[in-house]
Structure formats: C-alpha cells, structure tokens
Amino acid sequence: MYQLSAKELRDLFVSKKVSASEIAEYFIKRAHTVDEMTGAFLTILDERTLKKAKELDEKRASGKPLGKLAGVPIAVKDNMNLKGVKTTCGSNFLKDHVALYDATPVRLLEEEDALIIGKTNCDEFAMGSTNENSAFKIAKNPWDLECTPGGSSGGSAVAVSARCAPLSLGSDTGGSIRQPAAFTGIFGFKPTYGRVSRYGLVAFGSSLDHVGPFATNVEDIALIMEVMGAYCERDSTSLDIPRENYLDTIDESLQGKKIGVPWDFLCDLPDKSKKLFKESLKVYEDLGAEILEISFPDLKYCIPIYYIIAPAEASSNLARFDGVQYSARAKDAKSLAELYDLSKEYGFGEEVKQRIMLGTFVLSSGFQSDYFKKALKIREMLINNFHHAFDHCDVIALPTTPNGAFKSLSIKDPISLYLQDLYTTPANLAGLPAISIPCGFSGENKPHGLQIIGPQQEDARVMRFAYHFQKNTEHHKKIPSLFDKEELS
Ligand code: GLN
C-alpha cells in the first residue's frame, strides 16, 4: 500500500478491497518506524486514527456516500490545529499546548473522510530551512539520513517521501513547502495567497503565510486542493471565490504556451543545478511550449525584503506568547514584566529570538522608514513587475533551490541559510501559486526541484504545467531505497 497514490488508496477502500482500519494500522506502524529513522513526527495519533478508521468502516457498511479523501492517511505540520491534539510549532513554548479547535484546512480534510495520522516535525514557528530549529529533534532526509530534508516543513516532506502517507500539509512563508519537497524528491505546492484558509495555522508572517500540500504526484495535489481550496469566513484574507475542479483541466495541452526564464537572476546557479534546470526546460520545449528570456532585476531584492517583512510580522504575531495565556510560564518571575521576559527567555529558541529582535528593530520608530517601509515599496514594485512579466508569458520557471540537500548542521552562518530561499521567496512576496516538481538528481541520492510560478488565481495552470512534466519524466517515481520496503509497515 505504501506505493499507492491517495487516489489509488481511496479506490481500494471504496471498492471494499481493504478496510479503513487496515489502512490505518498499516500506515501508523510505518509512521512509527519512519519516525524512529528520521524524526519526521512530533505526535503519531495511534488511537485517534484507529477510532476514526473504525467509524469510517461503519459509514461504508451503512452505504452512506464516502468523501473525496475516504481512507487516505494524511500527516499535518505541527503548526496547524487539530482539536484535542497538541500543536507545538516545534517550540518549547507550546510543548504542552493542546488545540481548542480545528484549523480550517484540517477540518475540510476530515470532512472528506481523510485519516489524519499525526503531527509532523518542523522548525520552531516555521522559521528555518533545515528543520534544525525544532526544539525537539532534527528531521533527516530519507535519501541520505546525514542530510537535511529542508525546512521548515521538513517532517511533512519526510512523511510523504518515506511513504508513510501519500499526502501531507505544510506551511510556506518563504519556501517551506517547495524547498523540502525539492530536497526529498516529491511535489510541494504553494497555492495563491488566500486560496487555502489559514484559520488555525499559527501565524508567522501573516502577509506571506500559505498552507499547501506535499504529494508523490500532481493528481493528488489537485485532489487535495479541490478539498482545501475553499472560501473561509474565519480568515479575513480568504479569497471569496468558488471552489475549482483542478483535475478537469489538468491534461490541457501546453502547445504554444510561453515559459519565462529570468536568466539574469540565475547567473550564480551552480553547474549541476543549471544542467538539471536546462534539461527540464527542454522537456517543455519538446511538448511545444516556448521558452522566453525575461529580465527581472528586482528578484535580487527578494531575500533582503523578505528578511525585513517576515521578521517584522513575526515580532508582532509572536508577541502573544508572553507567558500569560499559552503554555510556557516562567515559574520564578517576581513581577509582570519579569513574567513576560522570562517566559520568552525560556520558551523560545535562538532563531526565533533573533527574528523577534530583527523584526522589532526594523519596526522601531527611528528605523521604520529606512527598512520596513522601504521593503514594502520594493515589494509593490516586485508585484507590478510580475504583472508585466505575465503579460508576455503563461508561467515563470526557476529552480526551487540553488542546490540539493546538504549535511544536517553543516551550515552555521544564518545568512547562508537565508540564501536557501533565494528562488522561493518571490512567489510568497507576490502571493503567487508555485509548485516544486521533482526534476532529477545530482549524484545518486540528491533530488532537485523545478519550480513553476503562475499568476494569481491560476493555480490550475501551475498544476497543468506540473502534470505534463510528470507525464513525460520518471524522476518522481523513485522512492528512497531505505524506505522502498514493505517490512516497515
Ligand atoms: N526559510 C524561510 C525562513 O526561515 C522560510 C520559512 C517558511 O516558509 N516557513 O523564514
């Protein structure tokens, strides 16, 4: 069963070839083994999943209609709420925090009879590119256990790459779905800003945060997006537009479509990555698409402005963690001011503290116009330039990351780590739909990703480009050999 797609698993269940309880037992067992080997999970929901599966078996027996994700195991990043289950955000601050309500995307999945098998490991409050900032444990890359799976949604990427769930949810503020998808050889999709509700996602950078899926194939991305891509009145940034049937148009031809490539932004791309990127473009040319060179000099400002805007918003969002309302509370505080200070001191890790300080600095009255306001202006310019670019081309192609996965804990310098997000932050700053597609390997065990970015609300188009690439290549079919085994289940 571990090799099956979400759709195939559902079919198996609906056609009564297997029960939901059997699926649950199989994948829960696998999740435990994979977790021991990789650190992918923070919570595995043994009892809850088996109970839900039993209810689902009864539903099937009663002849009631079954949901679009009936019997499909799904892992959820631990910064999204599932009522009655811990939401830790990978932080000591929230290590005992139990969610009081369901995040909208998670609720929508369960309403379609999905089986949520666990909460996945992540960088603390989704800040990072390696999963090394989790307060609990690092996560390891299924292709090479010495390497990082990427971050911040590393655990969710590992869960799908090691096949203990065909689907998982991540959050992407500057690349945290696409980068780990690229590092672990799977698909990762960040929808248009506002397409998937963020109600119940713990906020990091509110103007940049997105919820999206990981999968082993594009059809499953489309399937889960049909379920989650819905208006939500509890999220003020939710797009009030109808749901879409992405699967209906996924096979439309790419003949004559135009793909823009900002070569001037790619001059520093390492040779191995450039080779894979060029080979990927060739796949599209063979399908009748045209590759256009576009000039996009503003892209080089994305990292500096992202690392002003994201920490600024984070410093405001994380102010609520003051020791009063949420779990960690300094026991030795002697005054209210000390309670605030010490709770943060004990509860937050280094990276989070660094971001809060940076964010507070760029928002301070003396420096606001030098940094924060300037960054907002450049962001606007960037958005306009994307509009102009999409006048000429249907999508823009970029590598997902400058390189494949590197050894865990090997990059110490924060600036070098921030540069991991070079090609992913543009789509967050402009709120555009973007996908990372497995596009080949540099070395035996180093997957890379090709990124396709579309105009706002053209999520279906992005999926279509990914689908045709998948149909004409084999890279996505490879499973990391350590995990390509039935015995784990
Ligand atoms: N790596 C980026 C950061 O550290 C992106 C994180 C994310 O997308 N959640 O901020």
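Just so you know, ligand 1 is whichever comes first in the structure, and atom 1 is the first atom listed for that ligand. All residue numbers refer to positions in the sequence shown, counting from 1.
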Under 3.5 Å, is there a donor-acceptor pair between the [X] and [Y] side chains?
X: Ser207; Y: Glu313; result: yes
X: Ser5; Y: Asn217; result: no
X: Arg461; Y: Tyr246; result: no

Within ligand 1, which atoms have a heavy atom of [X] less than 4.0 Å away?
X: Tyr306; value: 2 (C), 3 (C), 5 (C), 6 (C), 10 (O)
X: Tyr307; value: 1 (N), 2 (C), 3 (C), 4 (O), 10 (O)
X: Asp172; value: 8 (O)
X: Ala126; value: 6 (C), 7 (C), 9 (N)
X: Gly128; value: 1 (N), 2 (C), 3 (C), 4 (O), 6 (C)
X: Gly174; value: 5 (C), 7 (C), 8 (O)

Working for ring-ring contact (aromatic ring centres under 6.0 Å, His included), residues Phe296 and Phe386: CA-CA 9 Å; Phe296 211 145; Phe386 264 116; 4.8 Å; yes
Test: Lys278 cationic atom under 6.0 Å from Trp263 six-membered ring centre, within 45° of axis: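 Lys278 over Trp263 ring: yes.
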Any N/O pair Ser129/ligand 1 closer than 3.5 Å: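 Among all N and O atoms of Ser129, at least one is under 3.5 Å from an N or O of ligand 1.
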Met127 N/O under 3.5 Å from ligand 1 N/O: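 Checking ligand 1 against Met127, no N or O pair falls under 3.5 Å apart.
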Min heavy-atom dist Ala310 to ligand 1 below 4.0 Å: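 Per 4.0 Å heavy-atom rule, Ala310 does not contact ligand 1.
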Contact with ligand 1 for Gln420, non-hydrogen, under 4.0 angstrom: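 The answer is no, since Gln420 has no heavy atom less than 4.0 Å from ligand 1.
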Is there a donor-acceptor pair under 3.5 Å between the side chain of [X] and the backbone N or O of [Y]?
X: Arg234; Y: Tyr199; result: no
X: Ser153; Y: Ser176; result: yes
X: Asn121; Y: Gly39; result: yes

Where does [X] meet ligand 1, judged by heavy-atom distances below 4.0 Å: at the side chain, the backbone, both, or neither?
X: Ser176; result: both
X: Phe204; result: side chain
X: Lys77; result: neither

Distance from atom 2 (C) of ligand 1 to nearest protein heavy atom, with residue and atom: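 I find the closest protein heavy atom is Asp421 OD2, 3.1 Å.
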Positive for side-chain contact (heavy atoms from CB on, under 4.5 Å) with Met228, one of Thr104, Leu169, Val106: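 Testing Met228 for a side-chain contact (heavy atoms from CB on, under 4.5 Å) against Thr104, Leu169, Val106 leaves exactly one candidate, Leu169.
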